[in-house]
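In what follows, a single structure is set out as structure tokens and then discussed.
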Amino acid sequence: MSDAKTRMIARAARDIATGMVVNLGIGLPTQVVGHLAADFPVCLHTENGLTGIGPALPPEKADRNLIDAGGAYVSTLPGSAFFDSATSFALVRSGRLDLTMLGAFEVAENGDLANWKIPGKFSPGVGGGMEMAQKARRVAVLTTHTDRAGNPKLLTRCTLPLTASACVTRIFTDMAVIDVTPGGFALRELAQGVTVAQVQAATGAALHVPEGDIPEF
Amino acid sequence: MRLPDKTTKMEQAVAAIPDGAAVMLGGFGVPGTPFLLIQELVRQGKRDLTVIKNDANETGMGVDHLLVAGCVSRLITTHLGLNANAIKQMNDATIAVEFCAQGILAERIRAGGAGLRGILTDIGMDTELGAGKPRVTLDGQAWMVETALRADVALLHAAAADTFGNLRYAATARNFNPLMAMAADTVIVEAEQIVAPGALAPDDIHTPGPFVDHVVHIPELTQEYAVVRR
């Protein structure tokens with residue numbers, strides 16, 4: 001993984017506050033857990049029915065009945081709980097999920113998120129993503145700033161089918177930390193060695209840049 | 001008094017499932033999937049099944065055997081991205097696929113099990129999963145109707161059952177199993193361990209026996225149940 005991606009993931013981990021209940025989506029977001037201190041007080045939730053996710057385990061140490069929603073073998077912690085799928089999403093929809101971090105194909109300047117379907121190419125179903133995006137108290141996105149072809153993923157409007165509308169409040173990319181505000185995308189932090197002009201050029205919407213120094217990560 | 005004995009031979013329990021049945025399958029990935037009951041559906045050559053399951057497993061496992069054997073005409077699921085056969089059959093229109101948000105699938109099943117006809121939700125209302133579903137206004141807010149789901153048969157996997165059908169699931173193998181146990185006309189459970197009534201403490205039971213019709217002992221687990229090495 002590139003150094004910029006690793007710093008993006010480490011930066012995202014710093015937004016997880018003490019005491020939160022957090023769901024980390026499949027892919028890059030799952031790796032955020034590697035940047036939390038072993039004694040950090042947080043409760044990780046996985047939608048297949050576990051709160052208090054413990055460290056991932058290699059196959060030879062794994063319990064065949066204990067996975068996260070991405071199919072990785074995980075463990076429990078003192079205080080973990082198992083439950084059925086209805087209970088799991090009751091937790092999400094009732095506002096008990098403080099934060100979710102999700103991947104994205106596209107994010108719009110009003111916070112719309114598209115991350116589950118590319119018509120004609122990729123249509124695996126939405127899993128639990130729709131409820132996570134629509135109902136978590138705070139929705140952050142972790143994504144590369146552009147797709148593999150170099151096209152911007154942060155846009156004026158999403159072109160792909162939505163996962164949920166107006167749900168994303170913060171985006172961590174390999175170039176910047178950007179907030180979704182009532183006025184659109186606002187630059188908060190820059191990755192080391194990246195300029196404001198480079199971020200603007202890689203963003204498919206207006207970018208509000210604050211005056212003065214911009215913190216680096 | 002004593003509680004009735006529901007232990008059954010797998011072949012006999014599955015034989016009563018007709019072609020064209022709607023079949024709920026427990027499981028999320030490997031944990032909680034009734035792999036041996038699924039194999040028995042394939043062996044008995046069932047046809048035209050509507051399968052309701054969280055996911056389509058991976059190629060070479062579980063639901064995939066049903067798809068490859070041509071047993072399925074319709075799949076109601078939340079995600080099938082790990083199964084190339086499922087994606088191909090969906091794209092070729094060999095099977096009809098209905099996608100549902102995961103927690104809403106759980107609630108539709110729970111509602112079906114609780115004698116309700118549907119639920120009201122705002123999940124996915126402004127996405128393509130909400131297209132065409134009836135709307136209701138309550139207290140000035142718009143809600144979407146999601147219909148309840150029931151099935152002719154639910155096939156479940158339990159870590160332990162007593163002979164009356166009281167069930168315990170292991171770790172994240174619980175998932176959809178206790179919900180589906182309530183939502184089918186006939187409930188068939190494969191259990192890794194079968195014990196006498198009373199051996200499971202009343203406070204430790206996840207699904208009460210009256211929901212269960214048949215308990216099938218699976219003395220040996222096949223490779224499908226094992227840790228997946230990716």
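Bear in mind that the values here come from a model prediction, so they are computed numbers and not experimental data. Letters A, B, ... mirror the listed sequences (proteins, then strands); counts begin at 1.
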**Q.** Greatest number of heavy atom pairs closer than 4.5 Å to chain A - which of B:A56, B:A159, B:C100, B:A101
**A.** B:A101
Give every donor-acceptor pair under 3.5 Å between a side-chain atom in residues 148-155 of chain B and any protein atom, sequence neighbours left out.
residue	atom	partner	partner atom	Å
B:R150	NH1	B:G112	O	3.0
B:R150	NH2	B:D185	OD1	3.0
B:D152	OD2	B:A22	N	2.8

**Q.** Part of A:A69 within contact of chain B (heavy atom distance under 4.5 Å)
**A.** both
**Q.** Contact origin within B:V97 toward chain A - heavy atom pairs under 4.5 Å
**A.** neither
Q: Below 4.5 Å from any heavy atom of chain A, which atoms of B:L80 appear? Answer side chain, backbone, both or neither.
A: both
Q. What residue, out of B:G29, B:A106, B:P31, has the most heavy-atom pairs lying under 4.5 Å from chain A?
A. B:P31
May I have a list of the donor-acceptor pairs under 3.5 Å that connect chain B with chain A?
residue	atom	partner	partner atom	Å
B:T78	O	A:V126	N	3.1
B:T78	O	A:G127	N	2.9
B:L80	N	A:P124	O	2.7
B:Q102	N	A:G127	O	2.9
B:Q102	N	A:E131	OE1	3.4
B:G103	N	A:E131	OE1	2.8
B:G103	N	A:E131	OE2	3.4
B:I104	N	A:E131	OE2	3.3
B:E107	OE2	A:R93	NH2	3.4
B:D122	O	A:Q134	NE2	2.5
B:D122	OD1	A:K135	NZ	3.2
B:D122	OD2	A:K135	NZ	2.8
B:G124	N	A:Q134	OE1	2.9
B:D126	OD2	A:S165	OG	2.4
B:E128	OE2	A:K117	NZ	2.6
B:T172	N	A:N65	O	3.0
B:T172	OG1	A:N65	O	2.6
B:T172	OG1	A:I67	N	3.2
B:N175	O	A:S85	N	3.1
B:E192	OE1	A:R64	NH2	2.6
B:E192	OE2	A:R64	NH1	3.3
B:E192	OE2	A:R64	NH2	3.4
B:V228	N	A:Y73	OH	2.7
B:R230	NH1	A:G71	O	3.1

Q) Between A:G129, A:G128, A:A164, which residue shows the highest count of heavy-atom pairs closer than 4.5 Å to chain B? A) A:G128
Q | Max heavy-atom pair count under 4.5 Å with chain A, selected residue of B:A226, B:A86, B:G32, B:G124 | A | B:G124
Q | Pick from A:A86, A:P58, A:A62 with the largest number of heavy-atom pairs that fall under 4.5 Å of chain B | A | A:A86
Q: Find the one option among A:G127, A:A81, A:A133, A:G49 whose heavy-atom pairs under 4.5 Å with chain B are most numerous.
A: A:G127
Q: Check whether B:I104 gets within reach of chain A through its side chain, its backbone, both or neither, counting any heavy atom under 4.5 Å.
A: both
Q | Heavy-atom pair count under 4.5 Å with chain B, highest-scoring of A:V92, A:L50, A:I67 | A | A:I67
